[in-house]
Structures are given as C-alpha cells and as structure tokens.
Amino acid sequence: MSANELIANLDKLGDEFLSVIQPLSDEQAIRAAQAQFLGKKGKVSEVMKELSKLPPADRPLVGAAVNKVKQTIEEQVCRRLGELTALAAKADLARVVDVTLPARPVPQGHLHLLTQVRLEAVQIFSELGFVVADGPQIETDWHTFEALAIPKDHPARDMQDTFYLSEEIVLRTHTSPVQVRTMLTQAPPIRIVAPGHVYRRDDDPTHSPMFTQIEGLAVDEGLSFADLKGVLIHFVSRFFQKELTVRLRPSYFPFVEPGAEVDMQCSFCGGSGCRLCKGTGWVEIGGAGVVDPDVFAHCKIDSEKYTGFAFGMGLERMAMLRHGVNDIKFYYEGDVRFLEQF
Ligand code: DAH
C-alpha cells in the first residue's frame, strides 16, 4: 500500500469509530470499542504494521496521520462519556429531586437544661431590678469564708467539703463570695443575682462535685425579712408558673442573722403531700437571711444605715423539681437522649 492509501485508510478509521460509538450508551461498551481500534491488535495497529514497508521518506507523513487518528478516537471517547454522564445526571435529577417535597429536618441543638433554667431565673429576678454579678470560681479563702463570717473551725472549711488549691485558695463552695466582691466594689443600693458553678467534695445521686447555684443580694435602706420573703414567693410562683408560697425555717448560716432554710410549697402536689416532698407538702430549695452586720463590716458598708437580705439556691434542684430529673448526673453526662427532652 502506498502512503496515500494508508493515510486515506486511517482517515476512514476515524470516521468509522465515530459511527461505532455514537449508538453506544454505556462506558464498558465504549471502552471495548476503543480497544478494538487502539488496542495492540486493534485496527489502527494493523495499519501501523504497514508503516515499516514504506520508503523512509514517506513514514513521517503516515506517522502523523496515525497520531491524528489516535487523538481523534480518544477525543471521541471523552466526548461520548461526557454526554452519557450529563444524560444520567439529568435523568437522576428528574427522578430523585422533587423540589415540592418538604425538606428533611436538620438536627438542631438547643440550650442545655441548666442554661435554660439559669437564664429563666435571671430573667425573673431582673424583672424585680436585680442585675447579674460574677465572681471567680477559683476564689480566696477570705472571700469564700472569712469575709462571710465563717470561722476557721467551721465544718464548711473542712478538707472533706472543700477543694483547697492551696492554704489560701479554694474552689468556691458556694456563690456567696460574689456578695462580698459586689459589696466591696459597689455602693448601695445593691440588687444582684450571681449564678455560677460551685464545688464540693460530694458525689452521690443528689450531689455532684460541681453544681450550680444562684445567689441573690439586696442592700438598701430599710430592707427587711418581709422583702426577702416577697422576692422568694414571687420567684417560685413565676418559675413554676403557679401560685406557690414559701416557708422560711429558722436556721443558721454564719453570714446572715436571722438565717433561714427556704422551703417552697411542693410544686408536684401543691402541698397535699406526695413522694417528692416525702408527704410533707414542702421542698427545700435553699438558704436565705438578713445580712449579718459582721459581713457589712468586712465589706465597709455602714450597718447603721443599711440593711440587706441574701439568698442562695441550687439550680440543679430547681430544674429537678420542674422537670422531674431524678439523678444529678444526667445534667453533666451530655447524653443527647436526656438533653433532647427539654
Ligand atoms: N451559701 C449557702 C450554701 O451554699 C446558701 C445560702 C444560705 C446563701 C443563706 C445565702 C444565704 O445567701 O443567705 O449552702
């Protein structure tokens, strides 16, 4: 065969390939056709065998024609595969996506139960004019105990109850030191609430080494125990969304005088007696009292002029009473099945 004949044959192979793959509609068949033309025993290779029989001067021309047909075939393979992919995507779109269907719900987080309860408590107190105050969780012995008239030999200072970081530094065991920090930096009238973490060496179903309290403090001229009781009654009624009363049981906290344990009417049975309140109709929610003049003295507040009241409550307990949570660990384990419920 002459060079010209070979070149004409090669051109024909290019056209032939096009007509072979155009009707094919899957990749495997297209690849097989490609092999039939470009494979070792393919049609193009057959033509190339003739190449060696040509006079050397003619070979480059035919070689170029071989390269051209190879390139053409490869381009056609790419083009056809691209067409098929586009067709498949279009079909998929028509079949799978019904844009009128409602979207699938996207899982969404929400505030932790304790955060919800904290924000709600703060909201209720803020309606009464209380603002949020803050203090460190790593606190001095002085702010935590000394300034609150808790003497060195008080059981609360026992190594059994308090995490000591050093002789003078503790993890605060209650939010009451925020009272001290506030009174040292603000002049009366004062009305603050201080929610935050506190730490004690305690661990059982109703106690955790870390838990959350909310502290309240009001200092002004002429404040009385009655104001304290009014604030607490308002708080529990708003928080539990029903009219509940509060009972103040005489008790002793070194930093208040008189001091009281705060009980509220059981929110489950309304006071008639149930398992939750152990049949008494009352549940304990915290401590409270009238600020001891000793504490005022530590904080440079004139106890002749001002009086004040303070209270402290556990937020885990409030959440428990509101939602029936029966193990304090649930709050901290991060189990989504628990958290999702609130
Ligand atoms: N700090 C006390 C505790 O953690 C609770 C408390 C009692 C806070 C009486 C007060 C209060 O402000 O007046 O046990």
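Numbering of ligands and ligand atoms starts at 1, following listing order. Predicted model, so just to flag it, every value in this text is computed and none were measured.
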A.B. asks: So, Arg31 versus Gln34: side-chain donor-acceptor pair below 3.5 Å or not?
C.D. replies: yes
A.B. asks: Does even one non-hydrogen atom of Arg172 get within less than 4.0 Å of ligand 1?
C.D. replies: no
A.B. asks: State whether a side-chain donor-acceptor pair under 3.5 Å links Glu120 with Gln116.
C.D. replies: no
A.B. asks: For ligand 1 and Glu215, I'd like to know whether there is a polar contact (N/O to N/O, distance under 3.5 Å).
C.D. replies: yes
A.B. asks: Return the residue, atom name and 0.1 Å-rounded distance of the protein heavy atom closest to atom 14 (O) of ligand 1.
C.D. replies: Arg200 NH2, 3.6 Å
A.B. asks: Which atoms of ligand 1 sit under 4.0 Å from any heavy atom of Val256?
C.D. replies: 13 (O)
A.B. asks: CZ of Arg191: more than 12 outside heavy atoms within 6.0 angstrom?
C.D. replies: no
A.B. asks: So if I count the atoms of ligand 1 from 1 in the order they appear, which ones are less than 4.0 Å from some heavy atom of Ala310?
C.D. replies: 12 (O), 13 (O)
A.B. asks: Quick one: which ligand 1 atoms are inside 4.0 Å of a heavy atom on Ser176?
C.D. replies: 1 (N), 8 (C)
A.B. asks: Within the 4.5 Å heavy-atom criterion, are Arg181 and Pro136 side-chain neighbours or not?
C.D. replies: yes
A.B. asks: Should the heavy atoms of other residues, nucleotides or ligands under 6.0 Å from NZ of Lys68 be counted, would the total exceed 12?
C.D. replies: no
A.B. asks: Between Ser176 and Glu215, does any side-chain donor sit less than 3.5 Å from a side-chain acceptor?
C.D. replies: yes
A.B. asks: Do any heavy atoms of Phe309 fall under 4.0 Å from ligand 1?
C.D. replies: no
A.B. asks: Please compare Phe253, Tyr252, Phe255 and report which has the shortest non-hydrogen distance to atom 11 (C) of ligand 1.
C.D. replies: Phe255
A.B. asks: Would you mind listing which atoms of ligand 1 come within a distance below 4.0 Å of any non-hydrogen atom of Phe311?
C.D. replies: 8 (C), 10 (C), 12 (O)
A.B. asks: Relative to the heavy atoms of Gln213, which atoms of ligand 1 are at a distance of less than 4.0 Å?
C.D. replies: 3 (C), 4 (O)
A.B. asks: Between Arg247 and Glu261, does at least one N-O distance fall below 4.0 Å, as a salt bridge requires?
C.D. replies: no
A.B. asks: With a 3.5 Å distance limit and no angle check, can you tell me whether Thr173 reaches the backbone of Arg200 through a side-chain donor-acceptor pair?
C.D. replies: no
A.B. asks: If you count the atoms of ligand 1 from 1 in the order shown, which ones are under 4.0 Å from a heavy atom of Gln179?
C.D. replies: 12 (O)
A.B. asks: If the cut-off is 4.0 Å to any non-hydrogen atom of Gly289, which atoms of ligand 1 fall inside it?
C.D. replies: 13 (O)
A.B. asks: Is it true that Gly286 lies under 4.0 Å from ligand 1, counting heavy atoms only?
C.D. replies: no
A.B. asks: Membership question, hydrophobic clusters at under 4.5 Å side-chain separation (ILVMFWY): are Leu18 and Ile7 in the same one?
C.D. replies: no
A.B. asks: Among all protein non-hydrogen atoms, which one is nearest to atom 8 (C) of ligand 1, and what is the separation to 0.1 Å?
C.D. replies: Gly312 N, 3.5 Å
